[in-house]
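Note that the numbering runs from 1 along the sequence shown for the chain.
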Amino acid sequence: MRIPVILLGFAIDQISIKCPESQSIRPSTMLKFLLLLYIVHLVTASSIPRGTSVRFRRRKGLTKTNGVFDEDRARAEIVYTKNKHRQNLINLQRNTGSLQKGQEIKELAVLPVSLQSRILEKRQAESLTDQNETEWTGPTSIGTPVQNFIVDFDTGSSDLWVPSSSCTSSTCSYKHKYTSSASSTSAKKYGTFTIEYGDKSTVSGSVYTDTVDIIGVKAMNQYFAAVTTLSPSFEDDPADGICGLAFTKISNLHKSPFFNTAFDQGNLKGNLFGYFLNHTNSELFLGGTNTNLHQRDIEYHTLSSSSGFWQIGGAKALIGSTIANTGFQTIIDSGTTLIYGPPDEVEDFYSKVPGAAVYDSPLYGPGFYSFPCSSVPDVSFQWGNGFKWTMKKESFNLGQTQEDPSRCVGALVGQDLGLGYRVWLLGDAFMLNAYCVFNFAQNSVGFAKLA
Ligand SMILES: *[C@@H]1O[C@H](CO)[C@@H](O)[C@H](O)[C@H]1NC(C)=O
Ligand SMILES: *[C@@H]1O[C@H](CO)[C@@H](O)[C@H](O)[C@H]1NC(C)=O
């Protein structure tokens, strides 16, 4: 008799989650619906997927093919990251009525015009050759019949958006586009979606609900945006849009993100996902972790903040076996390339790296540091008394400086993103070095050694 009880518990969960959205449903209708859901689950429980893996391509790094640090791209990445998190904080404030202590909405960061045009020229030259690196075996489809898209899976934001068929930006011409009128399950919703990325344009568009399917994992009536303007920042990104995997609190639409909708609708086995980031064969595992890709033990850390980010505290940064910084907070963000810390803490960190020096230019401003390429530091992060998660040298080293091939630039950058007191942002450069687990059920982030 255990199974029906579990399933009933499951069905009640479904109802309680649906309640706020369906206030017009009367209790008697609710009971019938509950019973119906219970029966449906008895029939379909065995078909709940065990977990589904999505292969995707890693974002381009910041090292040119000749081994030189791509400073233009790195500066563009900083502007993008600042504005992405600025928007998250704007969303958080609007959704919850306040920010948490230490959080601050900074001014919109702006990419210098000269840099903008230089990057655009480069992108246009590279965009064709880029396509080949692509490995996407897990497209996202939306609608009935399905329309296919390629999305970036971003643990540092919470909305799903793709280009709309009425997108007028030239950036959209290379992308797959959503046509709402071609989907029988599409519904237009009130409101608009807007994110400013600081390159004089915005990503904005209309809000819809439709069926979203990421290789067999379905979310019905999922809220998303079909954008009609798309900033040039996305031109060389082979992805059409973004699938945010953080919490509703930082959602611009203030709606349940794809993963949570799919889980609440009973379409995922577990309320967690595993993220394997690699130079090739990167994989997102929905509903569990892919035990072929990581060693057995997962070191979990309970989230230290309820801001809507995947944030864990009690962190240390080490250089070799020397502790450089201790007791700070970290947000794990797959949609960011680099690692960011508050400028004074990053200064402290590099003061312990032999031969390190500020690598600033008057044109760009501060943030980067260089060190001798012959002695790239062994950098590790540790949470509490956990394992020391060491970064491979090639993950920390962004390449030689343009001016001096004996000096290399580090992936840890000093920038104040407004994310809170002593909050660091750990992006792909860190995530390449561990199997990362994002666990909604336990409200935690976990790390496991790679298999
Ligand atoms: C790259 O793409 C071109 C054009 O689609 C194709 O002809 C070529 O075979 C591809 N190369 C590889 C290595 O996949
Ligand atoms: C990770 O990437 C490296 C370098 O491309 C590759 O050799 C390795 O097989 C990849 N790992 C997995 C599990 O695919």
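By the 4.0 Å N-to-carboxylate-O rule, Glu104 lies close enough to Lys106 to be salt-bridged with it. Note on Lys177 versus Asp240: no salt bridge recorded, every NZ/NE/NH1/NH2 to OD/OE distance being 4.0 Å or above.
Listed for the Ser251 side chain is a donor-acceptor partner under 3.5 Å among the backbone atoms of Lys255.
Under 3.5 Å, the side chains of Gln265 and Lys218 contain no donor-acceptor pair of N or O atoms. Looking only at atom types and distance, the side chain of Asp159 has no donor-acceptor partner in the side chain of Asn252 under 3.5 Å away. Using modelled atom types, one finds a donor on one side chain and an acceptor on the other under 3.5 Å when comparing Thr229 with Ser204. Side chain to side chain, Gln103 and Ser307 meet the donor-acceptor criterion of an N or O pair below 3.5 Å. Remark: the Asp210 side chain and the Thr185 side chain contain an N/O donor-acceptor pair separated by less than 3.5 Å. Checked by atom type, the side-chain pair Gln222/Thr209 shows no donor-acceptor distance below 3.5 Å. Tyr275 and Ser282 are not linked by any side-chain donor-acceptor pair at a separation below 3.5 angstrom, with hydrogens and angles left out of the test. Checked by atom type, the side-chain pair His294/Thr289 shows a donor-acceptor distance below 3.5 Å. At a cut-off of 3.5 Å, with distance as the only test, a side-chain donor of Ser164 or Ser166 sits close to an acceptor on the other residue. Neither side chain, Gln87 nor Asn83, offers a donor N or O lying under 3.5 Å from an acceptor on the other. Judged by distance alone, the side chains of Glu299 and His301 do bring a donor and an acceptor atom under 3.5 Å apart.
Aromatic ring orientation, Trp383 versus Phe430: perpendicular (interplanar angle above 60°, classes split at 30° and 60°). The aromatic rings of Phe273 and Phe440 are tilted relative to each other, their planes meeting at an angle between 30° and 60°. The aromatic rings of Phe328 and Trp424 lie parallel to each other, their planes meeting at an angle below 30°, with 60° marking the opposite boundary.
The line from NE2 of His254 to CG of Asn91 is 9.5 Å long, rounded to the nearest 0.5 Å. Rounding to the nearest 0.5 Å gives a distance of 5.5 Å between OG1 of Thr330 and CG of Leu426.
In this structure Asp428 satisfies the side chain to side chain donor-acceptor pair (under 3.5 Å) test together with Arg59, sequence neighbours excluded.
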After noting the C-alpha distance and the side-chain angles of Gln329 and Ile312, does the key distance pass the side-chain contact (heavy atoms from CB on, under 4.5 Å) rule?
CA-CA 6 Å; Gln329 299 281 316; Ile312 53 177; over 6 Å; no

For side-chain contact (heavy atoms from CB on, under 4.5 Å), just list the numbers for Thr81 and Tyr340, CA-CA rounded to whole Å, side-chain angles, deciding distance to a tenth of an Å, and then say yes or no.
CA-CA 10 Å; Thr81 302; Tyr340 297 88; 3.6 Å; yes

Take Tyr178 and Phe224 through the ring-ring contact (aromatic ring centres under 6.0 Å, His included) test and state the conclusion after the steps.
CA-CA 11 Å; Tyr178 175 72; Phe224 69 100; 5.0 Å; yes

I would like to know whether Thr336 and Tyr80 meet side-chain hydrogen bond (donor to acceptor under 3.5 Å, both in side chains); could you show each step before the answer?
CA-CA 9 Å; Thr336 289; Tyr80 175 85; over 6 Å; no

Give the intermediate values and the outcome of side-chain hydrogen bond (donor to acceptor under 3.5 Å, both in side chains) for residues Thr144 and Ser183.
CA-CA 5 Å; Thr144 315; Ser183 171; 4.6 Å; no

In sequence, state the C-alpha distance, the side-chain angles, and the governing distance for Gln100 and Ser306, and then conclude on side-chain contact (heavy atoms from CB on, under 4.5 Å).
CA-CA 9 Å; Gln100 299 208 342; Ser306 56; 3.3 Å; yes

For Lys449 and Asp297, what are the C-alpha separation, side-chain angles and deciding distance, and is it a salt bridge (Lys or Arg N to Asp or Glu O under 4.0 Å)?
CA-CA 8 Å; Lys449 290 178 199 164; Asp297 295 334; over 6 Å; no

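Residue Ile298 forms a side-chain contact (heavy atoms from CB on, under 4.5 Å) with just one option from Val445, Leu272, Val437, and that option is Val437. Put simply, the residue from Glu77, Gln415, Glu107 that forms a side-chain hydrogen bond (donor to acceptor under 3.5 Å, both in side chains) with Lys82 is Gln415.
Listed here is the closest heavy atom pair of Leu245 and Thr155: CB-CA, 4.1 Å. Nearest heavy atoms, Pro342 versus Val423: CD-O, 3.8 Å.
Other residues, nucleotides and ligands contribute over 12 non-hydrogen atoms within 6.0 Å of the NZ atom of Lys188.
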